[in-house]
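From a predicted model like this one, the values you see are computed outputs, not experimental measurements. In what follows, chains carry the letters A, B, and so on, assigned in the order in which the sequence lines appear, proteins first and then strands, with residues in each chain numbered from 1.
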Amino acid sequence: MPKNLVIVESPAKAKTIQQYLGDDFMVESSFGHIVDLPKKGMGIEIENKFKPLYEVSADKKEVVKKLKELTKKAETVWLASDEDREGEAISWHLYNVLDLKKKETHRIVFNEITKKAIQKAVENPRSIDENLVDAQQARRVLDRLVGFEVSPILWKKIKPGLSAGRVQSVAVRLIVEREKEIQGFKPVSSFRFTAQFLTKENKGLKAILTKEFSTFEEAKKFIESCTNAEFKVKDLQKKPAKRSASAPFTTSTLQQEASLKLGYPVSRTMRVAQQLYEAGHITYMRTDSVNLSQDAIAAAEKTIQREFGNKYSSPRNYTNKNKSAQEAHEAIRPTNFDVKSAGGDDSQHRLYDLIWKRAIASQMANADLERTIIDIENSNNSEIFQSRGEIIIFDGFLKVYQDTITDDDAEDDKAILPDVSKNEKLKADEIFGTEKFTKSPPRYTEASLVKKLEELGIGRPSTYAPTISTIQNREYVIVGSLDGEQRKLQTLKLKKDKITEKVETETFGADKRKLIPTDIGIVVNDFLVDYFKNILDYDFTAKVEESFDAIAEGKEQWTEMIDGFYGKFHKNVETVQETAERATGERELGIDPKSGKPVSARIGRFGPMIQIGNSEDEEKPRFASLLSTQSIHNISLEEALQLFDLPKNLGLYKNETVEINVGRFGPYVKFQEKFISVPKGEDIMEISLERAIELIDEKMKADAPIASYDGLEVTKGKGRFGPFIKWNEMFINVNKKYDFDNLSNKDIEELIQDKLKKESEKVVQNWESEGIRIEKARWGRHNLIQGKLKIELAKEVDVMKMTVDVAKKLIEAKKPAKKAAGSKKPVAKKTTKKK
DNA sequence: CAGTGAGCGAGCTTCCGCTTGACTT
């Protein structure tokens, strides 16, 4: 047993460091935070100077147990969690929970994982920085207070189960306000002209008129004046220019570029990056630093010199513009620059390629360019056509990596221009003018929202992806696409001295995979902005971060800082609780022609809905839910009334009724006690009997057994976790190794036998005659199973010592209780599971 | 698991940050 125990946060990191430190050291991991506030309840003694009631997190009990045993045996413990606020707190919690007080304990830090850096860290141990720990406590307590005092207000005033928080609520606000900007945007049109010239060598030269006209009349006057005009080069300017590479990736820039270049949602980027990290291909993927280690810079230099030659190499380090960065890690880069391609699948390959190129490019020379501007005048008016071009004289870093251009106008500047000389006469082949409308600001994508949050200093690299998921799981926003609308454009063309006017149409407002707020998102946001302005302020995080910094520097007490915030905040919470009206986003749609009663749309306990009549009426009001494609602010009276036609009887198929309706899981067709989901995007009001029968037949075909095994049917399907076959009530995942569309009998046998083997390995106790068994479950727990009944056993239960009588009692105790609960109320929605 | 919506009241939901890995339909 080595004398030294080193504890870091990540197991992959532990593995690497173990190699650098050798046999005298044992390197273990804490898997992040081991201690937190309790999951349920506030967990803060507010009256007692906000004392946090920490406890070891449920999923870290095992880790703590293991670390405790190891610390007992070690002589010296080295706490090597990350060098930032959270990392310092992790060390502090380890110190307390592992009871290291009496042991020799050192705190060490390093922000790059190289042999040199680690040895240096070991030579320069320090003690735990209590001020930094206090800053973390303030951060944690503030977030808990805000989240757990504001969320319940939303449950009461809007809808149960909603949430608010320092980060998520601002993220939603950005999206809602952008959407309002877009909805309120009034496009202004102007007329812009382009001309296609021919040089004396008959080469094409495209140019844009520097002036725009605001009316069609002015535009027309201009093009008329161009008839028979003579054009010539008025001015020709050539200027050298430079372009330099971007810094290597941080979490946020990786998410943006992977979104733009590869089309990955942020969750996918992070999942794939994690895989590359665990395989040892890249450095840590949750970082806000653009820094590269000296070793990495030297290695990149070597690779670049060998691959591209000396003149392409330009070693450098980058500095972070982001004030809130904590820089506990390096930038994201390949661990070995000589490995040009890595990864276990295509997704990983493509992401690795991006990371390799970006990191390599960051160490390459600037590109040298020549920018050319050609001004063209004409004999008939004073307007100037201008042509801009750019040629690359030395490509430098552009050889491997180009930032994605998001501004579509920038394209024109890239053209390579033909040679012309000053005063050269040009022939205007065609002059074309078109009406152009100003564009509203763009909707956020997942990645551009992360970029914005980072700019505002809100959230951390480890939370960007989870935050994006949270606001979607809460159904505040969706990632959606819009078709757009048509509009007319006036155009003018001058060719061969003839002017033609034409009206063209263009599509505008179309959008793909953008963040769009839902009715609930809008109502919740407006409520929060009304009543909790302070917390919803875009600068709130920045302001509290200043206080956290003051605490970290020992200039302020954390409890005093929280006290200063909480007084006002809590009073406001109470006032809002007592005085705020219920927020429903209600909108009157009109009068129901059948009953003469008013029809309105609003948010109800189960989401957006339509109501006909009032609750004071003698007759009870009628209700219907909105479809997921509809929204309160634009549903028409007609569409609203249609919803009351459901459930709709479509007719008969095989002498049985076919019904269409909407349930908890969306629209469905019901036939023979079977529920068949209607594919997304289909308008259920338009579904005919024929279409329903199509869906039924498809479903029957998909559900038809593909084989039988041991006398029982085998069926197949695709679920949340990919393709599976089902046999004997068991779901068996079919991995990529198999051709799912053409499974042979042998494949099926193999899959079932493998599954049976795995299942039997899980069983730790089996009373076959009683039909009761105990199986291993996740997080080191066990399940007691009888038929379809499954009881999760507490972790403390020693399953090997359990008798069949105890098991029976547990089952008896569970059975009636479950039934009663089940009949009273449907089980809470479980579809929004976080992980 | 394929509604519901009043009002009563039980008992539930909820935050942000640090980290994986066994598991689900």
Side-chain angles (χ1 to χ4, degrees), chain A residues 8-13 29-37 39-43 57 59-60 63 81-82 84-87 89-90 93 136 139-155 159-169 274 278 286 328 458-463 466-467 470 474 541 602-607 609-611 615-616 620-625 647 659 661-668 670 673-677 717-722 724 726 730-733 776-780 821-822 824-833 835:
Chain A
V8 297
E9 289 181 38
S10 138
K13 208 166 161 181
S29 141
S30 76
F31 294 83
H33 274 295
I34 54 160
V35 161
D36 193 11
L37 297 173
K39 252 179 83 103
K40 281 177 192 168
M42 187 59 80
S57 315
D59 56 335
K60 296 295 162 55
V63 178
S81 49
D82 293 348
D84 58 17
R85 206 158 64 202
E86 299 296 328
I90 289 173
H93 288 309
Q136 192 274 345
R139 199 280 304 155
R140 183 66 191 92
V141 167
L142 178 97
D143 282 339
R144 171 59 65 97
L145 288 170
V146 169
F148 276 36
E149 290 211 4
V150 178
S151 298
I153 292 188
L154 298 180
W155 307 341
K159 179 171 137 33
L162 298 175
S163 65
R166 175 177 57 83
V167 172
Q168 59 168 287
S169 296
Q274 175 92 31
E278 280 168 17
R286 291 186 278 264
I458 299 171
R460 304 278 315 129
S462 65
T463 60
T467 299
T470 299
R474 295 269 172 275
T541 291
R602 65 178 168 93
I603 293 188
R605 230 170 81 62
F606 305 102
M609 59 180 266
I610 302 292
Q611 178 171 347
S615 48
E616 302 92 62
K620 266 183 88 178
R622 299 173 67 206
F623 303 102
S625 285
E659 213 181 68
N661 200 6
V662 179
R664 287 226 291 129
F665 311 120
Y668 64 92
K670 195 175 172 193
E673 299 307 305
K674 275 200 167 182
F675 297 95
I676 303 150
S677 289
K718 275 179 191 169
R720 270 203 291 154
F721 312 107
F724 64 86
K726 196 177 169 192
M730 269 193 287
F731 291 93
I732 306 166
N733 285 331
K776 277 191 206 162
R778 55 193 172 148
W779 321 123
K824 233 182 187 172
K825 205 187 123 188
V827 183
K829 216 157 123 179
K830 267 266 160 76
T831 46
T832 54
K833 247 176 44 175
K835 286 177 186 175

Ignoring backbone atoms, establish whether Arg605(A) has a side-chain N or O less than 4.0 Å from OP1 or OP2 of dG7(B).
-> no
Between the main-chain N or O of Asp82(A) and the side-chain N or O of Glu9(A), is there a donor-acceptor pair closer than 3.5 Å?
-> yes
dT19(B) phosphate, OP1 or OP2: any side-chain N/O from Lys60(A) under 4.0 angstrom?
-> no
Compare the ring of Phe31(A) with the six-membered ring in the base of dT20(B) and state whether they stack (centres under 5.5 Å, planes under 30°).
-> no
Rounded to the nearest Å, what distance is computed from the CG atom of residue Asp84(A) to the P atom of nucleotide dT19(B)?
-> 8 Å
Does a nitrogen or oxygen in the side chain of Arg85(A) sit under 4.0 Å from OP1 or OP2 of dC18(B)?
-> no
From the candidates dG17(B), dG21(B), dT14(B), the one with an atom nearest any side-chain atom of Ser462(A) is dG17(B)
To the nearest Å, give me how far apart CD (Glu278(A)) and P (dG21(B)) are.
-> 6 Å
Is there a side-chain polar atom (N or O) of Arg286(A) under 4.0 Å from OP1 or OP2 of dT19(B)?
-> yes
Answer yes or no: is there a donor N or O on one side and an acceptor on the other, between the side chain of Thr463(A) and the main chain of Gly459(A), under 3.5 Å?
-> no
Under-4.0 Å side-chain N/O to phosphate OP1/OP2 contact, Arg460(A) with dC18(B) = yes
For residues Asn661(A) and Lys670(A), determine if any side-chain heavy atom of one lies less than 4.5 Å from a side-chain heavy atom of the other.
-> no
Establish, with yes or no, whether the OP1 or OP2 oxygen of dG17(B) is under 4.0 angstrom from a side-chain nitrogen or oxygen of Thr463(A).
-> yes
Distance, rounded to the nearest Å, where Ile90(A) contributes CD1 and dG17(B) contributes P | 13 Å
Sugar-phosphate, base or nothing in reach of Ser163(A), heavy atoms under 4.0 Å | sugar-phosphate
State, with a plain yes or no, whether a side-chain heavy atom of Met42(A) is found less than 4.5 Å away from one of Leu145(A).
-> yes
For dT20(B), take OP1 and OP2 only and decide whether either is under 4.0 Å from a side-chain N or O of Ser10(A).
-> yes
Distance test, side-chain N/O of Gln611(A) to OP1/OP2 of dG5(B), below 4.0 Å = no
Does Lys60(A) offer a backbone N or O that forms a donor-acceptor pair with the side chain of Ser57(A) under 3.5 Å?
-> no
Stacking check Phe148(A) vs dC15(B) (5.5 Å / 30 deg) = no
